[in-house]
Amino acid sequence: MPQQPSWDEDTSEGGERLVGAAADGEDLAVEAALRPKDLGEFVGQTRVREQLDLVLRAARARGGTADHVLLSGAPGLGKTTLSMIIAAEMGAPIRITSGPAIQHAGDLAAILSSLTEGEVLFLDEIHRMSRPAEEMLYMAMEDFRVDVIVGKGPGATAIPLELPPFTLVGATTRAGLLPPPLRDRFGFTGHMEFYAPTELERVLHRSAGLLGVHMTDEGAAEIAGRSRGTPRIANRLLRRVRDYAQVRADGVVTQEAAARALAVYEVDERGLDRLDRAVLLALLKLFGGGPVGLATLAVAVGEERETVEEVAEPFLVREGLLARTPRGRVATPAAWRHLGMEPPQQPASGGQEGLFGP
Ligand SMILES: Nc1ncnc2c1ncn2[C@@H]1O[C@H](COP(=O)(O)OP(=O)(O)OP(=O)(O)O)[C@@H](O)[C@H]1O
């Protein structure tokens, strides 16, 4: 059974890796300038964009606020950007917070009671909110009302507080993590997909234009192919290639400059970095392609078990280069080919016929 990688895992050390999907300090500094401002500028995600366009147009035509929106998908695919676009398209202000920042129901009550009519509340990592806050949110979403508890013990009283209508935009890496009562209160759920290389090329051309970087189509294609389907990574790689082009070339991001620059940073043509390749190499060279247990594999690459499992594996699984099986980790034929080796004729010991089948 192929495993569904969980995007949460890909974030753990994301900020420290050039190909990590979580935002690092530099990303945060430049991302504001690169964010598309309306749905027309937002590249890709055709289905979500069309569905959202209908939701927003209908709300505008009714002169009301838009339904609550849930956006699910891996980090760096544009959930924050989309929430800002929702606010802009509705001509409404936006308040941004996150699940981990709301640990007490009182924190949430304070935010909700200060919202203005029609305001968009963006709640990132909504699955990480505390239980009491979550329960308060149910009522706020449905009835635009919260009960503020005053006092403690038997003398505690609930004071109802009316809220102005608002639009909650929740973001989560996995919609499945949300309790059904919360999930059901969203009028619309958009699933963000990884971007196709041609879409990332458009993201890159747009960013290059905004950053004043000269880039050829081939240069964009070279970076797009290494960006792991993620606009945040594409923009980050673009900045590193721009540096290289400035210092070692004539400032233009060509295919050659991009390939050379990303070789310096050890990001290969498929977007694998040093750690990803070390895991695959150990699997192929030391264990004949597996199956091998995670702990053994981690020792072989000199990394913590969690680092291999949470940082390297999700992308390798997603790319179809590695499979997690009940008997251990197994390299697929694509992994052998990616590292320039011939896959064995017979399945590696352990009967992985499925992987080597026709
Ligand atoms: N569809 C898109 N078109 C153009 N640029 C995009 C698009 N999606 C994302 N980006 C760019 O990628 C960067 C990261 O996007 P964003 O912060 O919205 O991702 P996110 O899904 O909210 O990530 P996280 O879950 O880590 O908060 C933004 O700076 C934005 O410029």
Side-chain angles (χ1 to χ4, degrees), residues 5-53 69-89 94-101 120-129 169-175 177-178 189-211 213 215 220 223-224 227-239 314-315:
S6 59
W7 316 130
D8 252 5
E9 294 171 352
D10 208 12
T11 67
S12 44
E13 292 193 4
E16 294 156 28
R17 300 171 80 201
L18 199 54
V19 290
D24 63 23
E26 187 189 338
D27 293 329
L28 295 175
V30 295
E31 278 186 355
L34 298 181
R35 282 187 204 288
K37 302 280 184 283
D38 58 45
L39 275 181
E41 263 189 79
F42 192 83
V43 175
Q45 308 294 345
T46 331
R47 192 173 310 145
V48 173
R49 212 152 33 94
E50 186 181 353
Q51 293 165 341
L52 208 47
D53 187 46
V69 173
L70 179 65
L71 299 174
S72 74
L77 297 187
K79 299 184 293 297
T80 308
T81 306
L82 216 41
S83 74
M84 290 177 172
I85 290 176
I86 291 172
E89 299 259 342
I94 181 166
R95 185 86 53 96
I96 296 182
T97 186
S98 72
V120 171
L121 173 63
F122 177 60
L123 232 169
D124 204 2
E125 297 188 80
I126 191 169
H127 58 276
R128 294 180 59 196
M129 220 175 7
V169 180
T172 179
T173 44
R174 280 181 280 176
L177 286 178
L178 291 191
T189 299
H191 297 284
M192 315 276 287
E193 310 280 352
F194 285 97
Y195 290 67
T198 49
E199 294 170 337
L200 289 180
E201 287 170 34
R202 281 166 52 208
V203 170
L204 284 162
H205 276 301
R206 185 180 166 276
S207 301
L210 290 169
L211 295 171
V213 176
M215 179 173 62
I223 301 174
S227 300
R228 300 161 81 116
T230 307
R232 171 173 291 137
I233 299 176
N235 285 338
R236 193 185 298 143
L237 296 187
L238 171 64
R239 296 197 297 276
F315 180 65

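Note that ligands are numbered from 1 as they come in the structure, with each ligand's atoms numbered from 1 the same way.
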Donor-acceptor under 3.5 Å (R236 side chain, L18 main chain): yes
Non-neighbouring partners of Q45 that pass side chain to side chain contact (heavy atoms under 4.5 Å, CB included), sequence neighbours left out: F42, V48, M192, E193, Y195
Contacts of type side chain to side chain contact (heavy atoms under 4.5 Å, CB included), residue P197, not counting sequence neighbours: none
Beyond-backbone contact of D124 with I96, side-chain heavy atoms, under 4.5 angstrom: no
Pairwise salt bridge (charged side-chain N to carboxylate O under 4.0 Å, His left out) hits with a residue in residues 201-211, at least two apart: E41-R206
Close side-chain approach of E31 and T81, heavy atoms under 4.5 Å: no
Neighbour list for ligand 1 [protein residues, heavy atom under 4.0 Å]: E31, L34, R35, P36, F42, V43, P75, G76, L77, G78, K79, T80, T81, D124, Y195, V203, P231, R232, N235
